Amino acid sequence: MLRIRLPDGKVLESKGQITVAEAARMIGPKLAKDALAGEVDGKVIGVDYLLPADGEVAFRVFTQKDPQALGVMRHSCAHVMARAVMRLFPDVQLAFGPTIEGGFYYDMGLAHSITEDDFPRIEEEMRKIVGQDEPFERFVEPRERALALCDQMHQPLKVEHIGDGLKDERTLSFYRQGEFVDLCRGPHVPSAGRIGAFKLLSVAGAYWKGDQKRQQLQRLYGTAFFTQQDLEAHLHQLEEAKRRDHRVLGKQLELFTTSPLVGSGLILWLPKGAMIRATLETFVREELVKRGYEPVYTPHIGRVEMYETSGHFPYYSDSQFAPIEMEEGERYLLKPMNCPHHIMIYQSKGRSYRELPVRLAEFGTVYRYEKSGQLGGMTRVRGFTQDDAHLFCTPEQVADEFRGCLEMTQMMLKAVGMDDYRVRLGFRDPASDKYVGRRELWDRAEAELEDVCKTMNLPNMEKPVRGEAAFYGPKADFLVTDCLGREWQLGTVQLDYNLPSEERFGLEYIGADNAPHRPVMIHRAPLGSLERFIGVLIEHFAGAFPLWLAPEQVRVLPVSEKFTTYGTHVTEQLRAAGLRVTVDVRPEKIGAKIRDAQLAHVPYMFVVGAREMEGGSVSVRDRIDGDLGAMPLVAAIDKLKAEVAARTVRQKVKMSRPQIGGGTAENEY
RNA sequence: GCUAGCGUAGCUCAAUCGGCAGAGCAGUUGAUUUGUAAUCAACAGGUUGUGGGUUCGAGUCCCGCCGCUAGCUCCA
């Protein structure tokens with residue numbers, strides 16, 4: 001006797017052992033017809049699964065309306081795609097075909113290299129398969145027979161996977177769909193006809209099991225939805241996202257550029273982009289002073305020996321610009337990190353407990369030789385500037401200082417209206433040997449960090465992730481998602497007991513007991529890299545920066561050349577008031593001037609003609625709300641200055657994570 | 001770094017099968033003197049990323065390099 005508890009609290013009873021589909025039929029015939037998958041005690045399963053013979057289960061049925069069903073259907077669609085590819089090309093080796101956010105992919109090894117030109121015929125073949133509406137049939141085999149079956153189907157990657165990834169499984173499940181049989185945990189929708197609208201999106205290389213040393217496969221990406229409308233809405237959204245790509249806007253709005261002659265991954269800040277950066281830097285500097293930081297400056301290079309002591313050189317030698325070799329064995333490294341330099345400043349004199357915490361801040365430019373394939377826009381570059389600082393404090397001060405750093409990061413993100421982020425605690429992976437320092441120090445640092453974060457009510461905070469620590473200490477990273485759904489680490493706060501230690505720099509301060517003690521270090525960069533931060537900011541605002549950050553805050557638009565003199569006068573007044581202003585004196589019609597200013601995302605336009613000249617006023621046009629009417633020039637200046645001072649963020653469209661609609665099933669093979 | 005795709009005027013793009021490199025915008029000049037998202041005209045703009053090769057002939061085909069893009073891998 002099985003008791004089946006439904007979401008609404010009702011309980012059904014079944015004497016014999018029944019499948020999900022049969023249970024659905026007990027609830028209602030319509031539901032049974034629409035059922036795509038089920039859930040038993042929180043686990044998503046197919047409609048053909050048998051429920052337990054007795055006991056009680058929490059049960060529900062998923063239809064098109066449920067995001068969980070979308071995940072299951074996409075996985076089925078991945079199978080259909082693989083089947084289509086196998087029909088079109090010989091000797092296809094299947095690897096993994098999971099669902100991902102926004103769709104699915106399937107990794108395959110085959111001789112023909114698939115290009116986008118192949119997509120139409122693959123999709124055509126998929127349509128045929130969906131049209132035939134054959135069922136997905138699950139069957140389970142013991143290990144030996146499963147191995148024999150995969151071998152017989154010439155699927156060496158599946159054979160290998162049974163041997164390592166699935167070595168603890170006694171039985172293995174397969175899904176058959178016509179001639180296509182695939183080792184797969186499932187679940188799947190009942191039949192191919194239940195797959196709605198789909199589209200192949202892209203193809204790229206991927207290593208077998210993510211290992212660079214192993215075979216490279218072709219990863220075919222696609223997406224699927226239950227309706228054509230949903231698919232089109234999704235594709236439209238991808239197009240929109242492309243339009244606010246910071247690389248596109250950066251060019252259009254003349255914010256930054258690069259040059260092959262300067263080198264790839266090296267950003268040239270154009271005047272407008274530099275203005276945004278300078279404004280942001282000023283904001284940060286003012287905040288640092290308020291919070292008791294002391295600005296310092298350090299060189300762009302340092303002796304290799306210093307980085308050997310810190311550990312950066314041995315740990316990251318392959319992602320650094322090679323050392324500069326001078327005579328007599330003198331070697332310098334282009335600095336990959338600011339911390340050793342700041343440590344030298346700490347060490348420049350004896351320190352007393354009375355002066356701690358010492359907080360040394362610098363917009364420090366660092367250089368890292370990132371591999372060519374991972375460069376992109378402003379978000380992944382080879383030279384970048386961190387809003388960096390290092391805090392040296394007593395062990396008793398750690399919690400307060402760490403909290404202060406997190407608060408500053410939250411404050412900065414709030415100031416630019418970026419509230420959609422998550423915080424990830426990165427702890428060490430106990431099994432890895434890539435970390436420096438003693439275990440007790442690590443345990444202590446991790447516990448402290450977690451304690452502080454727990455008291456802070458950080459948004460979207462997650463459990464600590466093992467293996468995400470810096471090599472010298474655990475950290476809290478602030479991750480934001482860009483308009484294309486990619487997630488970027490911006491701010492970071494890291495706790496470090498190791499660089500101050502005897503084995504590294506041996507830092508000290510004299511305590512109240514007149515004896516030397518070891519300080520603790522905190523590394524922190526609320527914005528992370530200015531390059532990446534502003535790249536993400538461009539997308540966040542879609543190029544339309546709030547008044548306080550806009551490179552050009554006001555554009556004065558004389559109605560005709562007759563009013564150039566008055567327009568210039570207004571411009572001078574605005575400039576004298578500390579606003580960033582230009583005047584458009586081209587012999588153009590006012591409509592054209594407005595259009596150009598709108599397209600340049602200038603927050604305010606001051607239209608001036610005969611009426612305004614008469615009364616010493618301006619007609620204010622707002623980028624978002626349009627014509628606000630005339631007001632005295634002084635009033636307009638006050639209005640703008642107030643908005644700058646308040647750092648008001650007004651956005652027409654708010655950046656949102658791509659709404660990709662739903663659930664991914666965890667089906668990694 | 002790996003796999004794949006791409007590279008034409010400042011920008012966005014066109015150029016049939018290998019057969020005279022072209023348009024819009026931006027720019028310059030002139031005319032127009034304009035009231036809330038594009039006034040008109042003329043002019044100028046190119047070693048088709050780069051170096052080789054095939055060919056009577058290469059933007060187009062082949063090879064190397066540089067750069068960009070997607071994904072993989074990595075990210076102090």
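None of the values given here were measured: they were computed from a predicted structure.
- Regarding A:I590, its CD1 atom lies at a distance of 14 Å from the C1' atom of B:rU39, rounded to whole Å.
- Across residues 373-388 of chain A, A:G373, A:Q374, A:L375, A:G376, A:G377, A:R380 each have a non-hydrogen atom less than 4.0 Å from an atom of RNA chain B (numbered order).
- Comparing B:rU33, B:rU3, B:rC66 against the side chain of A:Q216 picks out B:rU3 as the nearest.
- Within the nucleic acid shown, A:R219 comes within 4.0 Å of sugar-phosphate atoms alone, with no base atom in reach, counting heavy atoms only.
- A distance of about 38 Å separates the C1' atoms of B:rG35 and B:rG22, rounded to the whole Å.
- Ring centers of A:F392 and A:H342: at least 6.0 Å apart, outside the cut-off.
- Identified under the ring pair (Phe, Tyr, Trp, His ring centres under 6.0 Å) test for residues 470-491 of chain A, with sequence neighbours left out: A:H312-A:F471, A:Y315-A:F471, A:Y316-A:F471, A:Y421-A:F478, A:Y472-A:H523.
- Judged by distance alone, the side chains of A:S529 and A:Q386 never bring a donor and an acceptor atom under 3.5 Å apart.
- As judged by a 4.0 angstrom heavy-atom cut-off over every strand, A:T258 is placed among residues making no nucleic acid contact.
- Using a 4.0 Å cut-off between a side-chain N of Lys or Arg and a carboxylate O of Asp or Glu, A:K251 and A:E254 do not qualify as a salt bridge.
- Using Watson-Crick or G-U wobble geometry with both donor-acceptor distances under 3.5 Å, B:rG57 finds no partner in any strand shown.
- Residues satisfying the side-chain hydrogen bond (donor to acceptor under 3.5 Å, both in side chains) test with A:S372, not counting sequence neighbours, are none.
- Evaluated for a side chain to side chain donor-acceptor pair (under 3.5 Å) with A:R424, the options A:E462, A:E487, A:E468 yield exactly one hit, A:E468.
- For B:rG71, the base has no donor-acceptor partner in the side chain of A:Y207 [N/O atoms by modelled type, under 3.5 angstrom].
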